2 protein chains.
Amino acid sequence: MDIMLFLLFLAATFAAGATGALFPTGEWYKGLNKPSWVPPNWLFPVAWTSIYLLIAFAGARVAGLEGSAYAMAFWAIQIALNALWTPVFFGLRHLRASIPVMICLWCAVLGATITHWQLDTWAGLAFVPYLAWVTVAAALNLSMLKLNPDEKPLDLANM
Amino acid sequence: MDIMLFLLFLAATFAAGATGALFPTGEWYKGLNKPSWVPPNWLFPVAWTSIYLLIAFAGARVAGLEGSAYAMAFWAIQIALNALWTPVFFGLRHLRASIPVMICLWCAVLGATITHWQLDTWAGLAFVPYLAWVTVAAALNLSMLKLNPDEKPLDLANM
């Protein structure tokens, strides 16, 4: 594996992951109703850091292989949607609008898992924890929308 | 060019571009001091739509070529940073934090332009308007930071 390529894909995940530091969970998130099975707060950064390392590894393994065009397109889609979700949920506080973003992200990660797997088993496997975590995140997002029906998004246009 | 591949790269740009619709410019942006040379408001969506179409075209042309690994890594980095900038500027209203994001985006677009150009002249050319526009956007971002020294970012953690 090309280490420079790994660092470039890692840079892309860093851009997406920066949203986690820039958009704080804070009091608002604490105050939301959550399902009983909500993962503990400390698990989120641990899970995301591991996932980002794994998918940078997967991208770097696959990028140089013949026939990687679709895998690379899905890699790009998932990182753009990944960067989008946090600002919609924690920035806009838009529990409803974050659902379609999460569904698109889930589909993109599934597409990335399949297309990477077809080229390289290790790269495909590296996407599996991501797919599992996004499944949990989607269920959590949906559950929080249901449990907080009166929660209004931030009205940025009039602030 | 593979049309399916073009649509996948376009989907990635759509995710980044969605920030433009989700994070409104609104009254806050209107109230900011701007340099005399600020582009008119209507130009922004026109420029971004053209750029997104062009870079989806560039990605689709290059993805299938041998030796496209670095071009694809830069394509992924630029779209993640592209999705990040709008929420930092228009969501957090963080004029200062948006500067390093913009500088990283500029570098990523330069990297994408060069690596695409090395493989395919048309793909490289398709990135040139993006590089030009991001140069203008960076100058505008910097100028607005200087012209609005007392502007405070949104304190989401305590809202």
Side-chain angles (χ1 to χ4, degrees), chain A residues 2 4-9 11-19 22-28 56 59-60 62-84 86-88 90-94 97 100-101 104-105 108 111 154-159, chain B residues 2 4-9 11-19 22-28 56 59-60 62-88 90-94 97 101 104-105 108 111 154-159:
Chain A
D2 182 333
M4 192 60 210
L5 214 45
F6 169 75
L7 293 175
L8 285 173
F9 281 107
T13 69
F14 188 82
T19 58
L22 287 163
F23 293 87
T25 57
E27 293 303 316
W28 171 76
V62 160
L65 302 179
E66 209 189 310
S68 66
Y70 280 81
M72 289 298 101
F74 277 111
W75 207 101
I77 298 174
Q78 63 77 23
I79 206 67
L81 288 163
N82 191 301
L84 179 60
T86 305
V88 174
F90 287 106
L92 287 179
R93 300 180 173 174
H94 209 315
V101 178
C104 291
L105 177 59
L154 226 56
D155 187 14
L156 278 177
N158 297 303
M159 277 171 71
Chain B
D2 182 333
M4 191 62 210
L5 214 44
F6 170 74
L7 294 175
L8 286 173
F9 280 107
T13 67
F14 188 82
T19 57
L22 286 163
F23 293 87
T25 56
E27 292 305 316
W28 171 76
V62 160
L65 301 180
E66 210 189 308
S68 67
Y70 280 81
M72 291 296 102
F74 276 111
W75 207 101
I77 298 174
Q78 62 77 22
I79 206 67
L81 289 163
N82 191 302
L84 179 60
W85 186 86
T86 305
V88 174
F90 287 107
L92 287 179
R93 299 178 173 176
H94 210 314
V101 178
C104 291
L105 176 59
L154 226 56
D155 187 15
L156 277 176
N158 296 305
M159 277 171 72

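Sequence lines set the chain letters: A, B, ... in the order given, protein chains first and strands last, and positions in each chain run from 1. Please read all numbers here as calculations on a predicted model, not as lab measurements.
- Neither the backbone nor the side chain of A:N82 comes within less than 4.5 Å of any heavy atom in chain B.
- For A:E27, the parts sitting under 4.5 Å from any heavy atom of chain B are the backbone and the side chain alike.
- In this structure, A:L156 and B:F90 have side chains that are not in contact, with every pair of non-hydrogen atoms separated by 4.5 Å or more.
- Taking each heavy atom of A:A15 and B:L81 in turn, the nearest pair found is CB-CD2, 3.6 Å.
- For the atom pair CZ (A:F23) and CG (B:L154), the distance works out to 9.5 Å, reported to the nearest 0.5 Å.
- Minimum interatomic distance between B:A83 and A:A83 (heavy atoms only, all atoms of both residues): CB-CB, 3.9 Å.
- In plain terms, the two heavy atoms of B:L22 and A:L92 that are nearest each other are O-CD1, 3.6 Å.
- Both the backbone and the side chain of A:P87 come within less than 4.5 Å of a heavy atom of chain B.
- When each of B:L84, B:V62, B:I79, B:L105 is checked for heavy-atom pairs under 4.5 Å with chain A, B:L84 comes out on top.
- A:A12 approaches B:A80 most closely through the heavy-atom pair O-CB, 3.6 Å.
- Interface residue B:D2: only side-chain heavy atoms are found under 4.5 Å from chain A.
- Contact record, A:M159 with B:R93: O-NH1, 3.2 Å, taken as the closest heavy-atom pair.
- Here the CZ-CD1 distance, from B:F14 to A:I77, works out to 12.5 Å after rounding to the nearest 0.5 Å.
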